[in-house]
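Take a look at the structure below.
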Amino acid sequence: MSEDTNKRELNLTDQMQIRLEKLEEYERRNLNPFDEVRYEVTSDSATIHENFEAMEGKSVALAGRLMSRRGMGKASFADLRDRSGTIQLFVRINNLGEAAYNEWQSLDIGDWIGLRGEVMRTQRGEVSVRVSEYTLLAKALRPLPEKHHGLRDVDTRYRQRYLDLIANPETLDTFRKRSLLIAGIRRFLDERGFLEVETPILNLIPGGAAARPFITHHNALDIDLYLRISPELYLKQLIIGGMDKVYEIGRQFRNEGMSVRHNPEFTMLELYEAFADYHDIMLLTEEMINAQAVALCGGDQVKWQGSEIDLSIPFRRLSMNEAIEEATGIDFNQIETYEEARSLAEERELHVEPHWMRGDIINLFFETYVEENLIQPTFIYDYPIEISPLTKRKPGQSDVAERFELFINGQEIANAYSELNDPRDQRKRFEAQLKKRALGDEEAGFMDEDYCLALEYGLPPTGGLGVGIDRLTMLLTDSDSIRDVLLFPTMKPRFDATAGVE
RNA sequence: GAUCCGUUAGCUCAGUCGGUAGAGCACUUGACUUUUAAUCAAGGGGUCCUGGGUUCGAAUCCCAGACGGGUCACCA
C-alpha cells in the first residue's frame with residue numbers, strides 16, 4: 001500500500017469510514033458487492049408507473065441507485081432511481097425475513113441494488129414495489145449531494161458531472177436534449193440523401209477557418225501536427241470525389257480565449273451539397289433548425305433566458321450592408337476605398353488592425369453595431385470578400401462573397417457560402433491570407449497546396465454550411481453558458497498535493 | 001489578459017464590531033410494520049481555499065497566490 005493511499009485513509013470522513021467498514025464486513029462474509037457481474041432486470045420505474053393497473057400484483061426485477069430512505073422500524077421505504085425515473089420501494093420484515101431485513105437497514109444512499117418484488121400501491125396511493133429479495137450490486141463509499149438543494153457548486157458540477165447528473169434532474173434533461181438534437185440532425189440529413197463522413201482531426205495544415213490552432217507532435221513521423229479548426233477543406237475534396245452530399249458532426253479545436261460562449265473544443269456540423277448555392281443552404285438551414293425546435297421544445301416558439309425566440313419559417317433575411325445601414329445610417333456601397341472606410345472607423349474611435357482591409361472594417365461595423373442586437377433569427381448575407389477566403393464571388397460584384405451567417409440571441413449560430421471553386425482565384429485568396437499573416441494576423445490562413453491541387457480536378461458548384469451544435473443546444477435548452485451544454489467543459493487543473501504522484 | 005465577486009462540515013448555506021465554529025439535510029445510536037422533505041430523542045463530524053502580515057487574539061482586517069463565476073477584450 002502506497003503512502004498516498006495511507007494519507008487518503010487518514011483523510012476519510014466519518015461517513016466514508018462507516019461505509020468502508022460495511023464493505024469490509026461484506027468481504028469478510030464473502031459477499032463483496034464488487035464481485036457481482038450482472039443482474040437480470042425485467043422492468044423499470046417508468047413502465048411500472050405507466051402500466052400500474054396491468055402490473056399490480058405482478059412480480060418484477062429492477063436495478064438502480066438508492067436515492068433516499070425512510071425507516072419505520074420493522075418496515076421501511078426507499079426511493080430507487082433507475083434509467084427511466086424513480087420508484088418507491090416498500091420493505092417489510094415479514095417479506096424479507098429478519099436477517100435480510102437487518103442487512104437492508106445497513107444500506108446507504110447512493111448504493112446500487114438489484115431487487116425482485118411485487119408491484120403494489122401503498123395506503124397513501126404511491127405506486128411501489130414490495131421487495132422480496134435484493135442484491136447489493138455496488139457500494140457507494142462517498143455520500144451523495146444533498147437531496148433538496150441538489151448540487152449548486154458550479155466548479156463541482158463541471159468537474160464531477162456525474163454528481164450533477166445525479167443531483168440535478170434539469171442537467172440530465174439538458175444532455176438528453178443535446179443527444180436528441182444531434183440524432184435529429186442526423187436523421188434530417190440522412191433523409192435528404194446526405195452521407196455522414198469522418199475526416200482527419202490531425203492536420204498538416206489547419207484550414208477552413210480563421211483561428212489559432214493547437215499544435216501536437218507525432219513521434220514516429222517526427223512532425224508537428226495541428227488539431228483541426230474546421231473539416232471544410234477535406235469535405236470539399238469529397239465533393240470533388242463525387243460524394244454529392246456529405247456532412248460531418250465533430251469536434252473542432254481552437255486555441256483561443258474561453259468564455260460563456262467559447263470552449264477550446266466544440267462541436268460543429270458541416271455539410272456540403274453539390275449543385276446548390278447559398279440560397280439553397282439558407283432554406284435547408286432554417287428548415288433543419290425549425291424541425292429540431294419542434295421536436296425538442298414542442299413548437300417553434302422557444303424561451304431563452306427570458307426572451308421569446310420565434311423560430312418559425314422563414315427567418316428574417318438582411319444583407320450585411322442593409323444591416324449596417326439600418327443601425328448606423330452608413331451605406332458601405334458608397335464607401336469604395338480602404339481610406340474612406342478607415343476614417344469612418346476612426347471617427348467612431350474604433351480600433352483598426354494594421355493588417356485590415358476595407359472588408360475587415362465593414363465587418364467591424366457589423367460586429368460593433370449590429371451583431372448583438374440580432375435577437376430573433378436573422379440571416380445576414382453578402383459578406384466582404386476579404387474576410388471570406390473560401391467563398392465564391394457574387395456575379396457582377398467582385399468585392400462581395402456569396403456568404404451568410406445566421407444569428408440568434410446576438411450569437412453566430414451558422415455560417416454558410418457558395419464555395420469558391422476556381423483554383424486560380426483560390427490560390428490568390430490563400431496568398432492574400434499569407435500577406436495578412438505576415439502583417440501579424442495569427443488567425444489568417446495558410447497556403448494549402450493539397451487543396452489547390454484537388455480544386456484543379458474540378459469542384460462542382462457547391463453550397464456549404466457550418467452550424468455550432470453547442471450554441472444551438474444552448475438555444476434549445478435555455479442555457480446561458482456553453483459549459484452547461486458540454487458534459488465535461490475544459491477546466492484548469494484543480495490544485496491537489498496528492499495528485500500526479502506516480 | 002483587465003476588472004469585480006465567491007471559496008466555512010459529505011451537500012446547501014448562516015456567521016453581527018476582530019473575542020470558544022453554527023443550522024438544515026446527510027451520518028451514528030435508540031424508538032417506531034404504509035412513509036414520502038417520515039417523526040421523536042440523544043450524539044459525532046471543521047486544513048473556515050493556500051501562504052504571509054497586522055493584532056494579546058483573525059473565518060472576519062491587509063498583502064500575495066490558487067481555483068471558480070460574472071463583465072470586458074479575442075473568438076464560433
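Order of the sequence lines fixes the chain letters, A, B, ..., with proteins taken first and strands second; residue numbering starts at 1 for each chain.
By the ring pair (Phe, Tyr, Trp, His ring centres under 6.0 Å) test, A/F175 is found to be paired with no residue, residues two or more places apart in sequence or in another chain being considered. Among residues two or more places apart in sequence or in another chain, the side-chain hydrogen bond (donor to acceptor under 3.5 Å, both in side chains) test is passed with A/Y381 by none. The side chain to side chain contact (heavy atoms under 4.5 Å, CB included) search around A/D44 returns A/A46, A/T47, A/D82, A/R83, A/S84, not counting sequence neighbours. The side chain to side chain contact (heavy atoms under 4.5 Å, CB included) check on A/Q160 picks up A/T156, A/Y162, A/L163, A/R494, with sequence neighbours excluded. Every residue two or more places apart in sequence or in another chain that forms a side chain to side chain contact (heavy atoms under 4.5 Å, CB included) with A/P33 is listed here: A/L23, A/Y26, A/L136, A/K139.
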Worksheet item: Should A/E419 and A/T462 be marked as a side chain to side chain donor-acceptor pair (under 3.5 Å) after you check the CA-CA gap, both sets of side-chain angles, and the distance that decides it?
Response: CA-CA 5 Å; A/E419 304 297 331; A/T462 297; over 6 Å; no
Worksheet entry | Pair A/D155-A/R159, salt bridge (Lys or Arg N to Asp or Glu O under 4.0 Å): steps then yes or no | CA-CA 6 Å; A/D155 189 48; A/R159 290 183 197 274; 2.9 Å; yes
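Taking atom P on both B/G43 and B/C56, the two are 39 Å apart, rounded to the nearest angstrom. Separating the C1' atom of B/C63 from that of B/C25 is a span of 38 Å, rounded to the nearest Å. Taking atom P in both B/U20 and B/C13, the straight-line distance is 26 Å, to the nearest Å. Comparing B/G57 with B/A42, their P atoms are spaced 39 Å from each other, to the whole Å. Going from the C1' atom of B/C49 to that of B/A66 covers 8 Å, rounded to whole Å. Comparing the C1' positions of B/C61 and B/A26 gives an interatomic distance of 35 Å, to the nearest angstrom. Across B/U8 and B/G68, the matching P atoms stand 15 Å from one another, rounded to whole Å. With both ends at atom P, the span from B/U54 to B/U71 equals 39 Å, rounded to whole Å.
Note on A/R159: a side-chain N or O is less than 4.0 Å away from OP1 or OP2 of B/G68. The phosphate of B/U35 has OP1 or OP2 within less than 4.0 Å of a side-chain N or O from A/R124. Contact between the side-chain N/O atoms of A/R70 and the OP1/OP2 oxygens of B/A38 is found at a separation under 4.0 Å.
Counting heavy-atom neighbours within 6.0 Å of A/E98 CD, excluding the residue itself, gives a total of 12 or less. More than 12 heavy atoms of other residues, nucleotides or ligands sit less than 6.0 Å from atom CD of A/E21. The local environment of CZ in A/R348 is crowded, with over 12 non-hydrogen atoms from other residues, nucleotides or ligands closer than 6.0 Å.
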Can you name the atoms? Protein N/O to nucleotides 48-51 of chain B N/O, anything below 3.5 Å, with the distance.
none

List every contact pair, protein side and nucleotides 10-14 of chain B side both N or O, where the distance is under 3.5 Å.
unit_1: B/C11; atom_1: O2'; unit_2: A/E146; atom_2: N; d: 3.1
unit_1: B/C11; atom_1: O2'; unit_2: A/G150; atom_2: O; d: 3.2
unit_1: B/U12; atom_1: OP1; unit_2: A/R152; atom_2: N; d: 3.0
unit_1: B/U12; atom_1: OP1; unit_2: A/D153; atom_2: N; d: 2.9

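Taking every heavy atom of both residues into account, A/G445 and A/Q433 meet most closely at N-OE1, 2.8 Å.
For residues 80-90 of chain A, proximity to RNA chain B is found at A/Q88, A/F90, defined as any non-hydrogen atom under 4.0 angstrom from a strand atom. Listed by residue number, the members of residues 350-362 of chain A with any heavy atom below 4.0 angstrom from RNA chain B form an empty set.
Under the Watson-Crick and G-U wobble criteria, each requiring two contacts below 3.5 Å, nucleotide B/G44 is left unpaired. Look at B/U39: its Watson-Crick or wobble partner, with both distances under 3.5 angstrom, is B/A31. Using N1 to N3 plus N6-O4 or O6-N4 for Watson-Crick, or N1-O2 and O6-N3 for G-U wobble, each under 3.5 Å, B/G1 pairs with B/C72. B/C25 is paired with B/G10 under the criterion used here, namely a Watson-Crick or G-U wobble arrangement in which both key atom distances are under 3.5 Å. The base-pairing partner of B/U20, taking Watson-Crick or G-U wobble contacts with both distances under 3.5 Å, does not exist among the strands shown.
Inter-residue side-chain proximity for A/L406 and A/I289 is flagged as met; some heavy-atom pair is nearer than 4.5 Å. With a 4.5 Å cut-off on side-chain heavy atoms, A/T473 and A/T267 do not count as touching.
Of all nucleotides listed (B/A76, B/C67, B/U33), B/U33 comes nearest to the side chain of A/A75.
Following rounding to the nearest Å, A/R69 (CZ) and B/C25 (P) show an atom-to-atom distance of 17 Å. Put simply, CD on A/E126 is 9 Å from C1' on B/U35, counting in whole angstrom units. Computed from coordinates, the A/D79 CG to B/A38 P distance equals 8 Å when rounded to whole Å.
Between A/F315 and A/F379, the distance separating the two ring centers is shorter than 6.0 angstrom.
Nucleic acid contact class of A/R212 (heavy atoms, under 4.0 Å, all strands): none. The residue A/I93 sits close to a base: some heavy atom pair falls under 4.0 Å. A/E412 comes within 4.0 angstrom of the backbone, heavy atoms only, and of no base. Contacts of A/A210 with the nucleic acid, taken as non-hydrogen atoms under 4.0 Å apart, involve only primed sugar atoms and P, OP1 or OP2.
Judged as a ring pair (Phe, Tyr, Trp, His ring centres under 6.0 Å), the pairs with a partner in residues 78-133 of chain A (not counting sequence neighbours) are, in order, A/F77-A/F90, A/W104-A/Y134.
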Discussion item. I need a per-nucleotide contact map over nucleotides 69-74 of chain B, read 5' to 3'. Cutoff is protein heavy atoms under 4.0 Å; write B for the base, S for backbone only, - otherwise.
Written reply: SS---B
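In this structure, A/R121 satisfies the cation-pi test against A/F52, with its NZ or CZ atom closer than 6.0 Å to the six-membered ring centre and inside 45 degrees of the ring normal.
Between A/F446 and A/Y226, the ring-plane angle classifies as tilted under the 30° and 60° cut-offs.
Along RNA chain B, the nucleotide nearest A/L107 and the nucleotide nearest A/Q411 are compared for position; the residue whose nucleotide lies closer to the 5' end is A/L107.
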Please list every donor-acceptor pair under 3.5 Å in which a side-chain atom of residues 367-374 of chain A meets a protein atom from a residue at least two apart or in another chain.
unit_1: A/E367; atom_1: OE2; unit_2: A/N363; atom_2: ND2; d: 3.3
unit_1: A/T368; atom_1: OG1; unit_2: A/L364; atom_2: O; d: 2.7
unit_1: A/N373; atom_1: ND2; unit_2: A/Y369; atom_2: O; d: 3.3

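In this structure, A/F266 counts as stacked on the base of B/A76 under the 5.5 Å centre distance and 30° plane angle limits.
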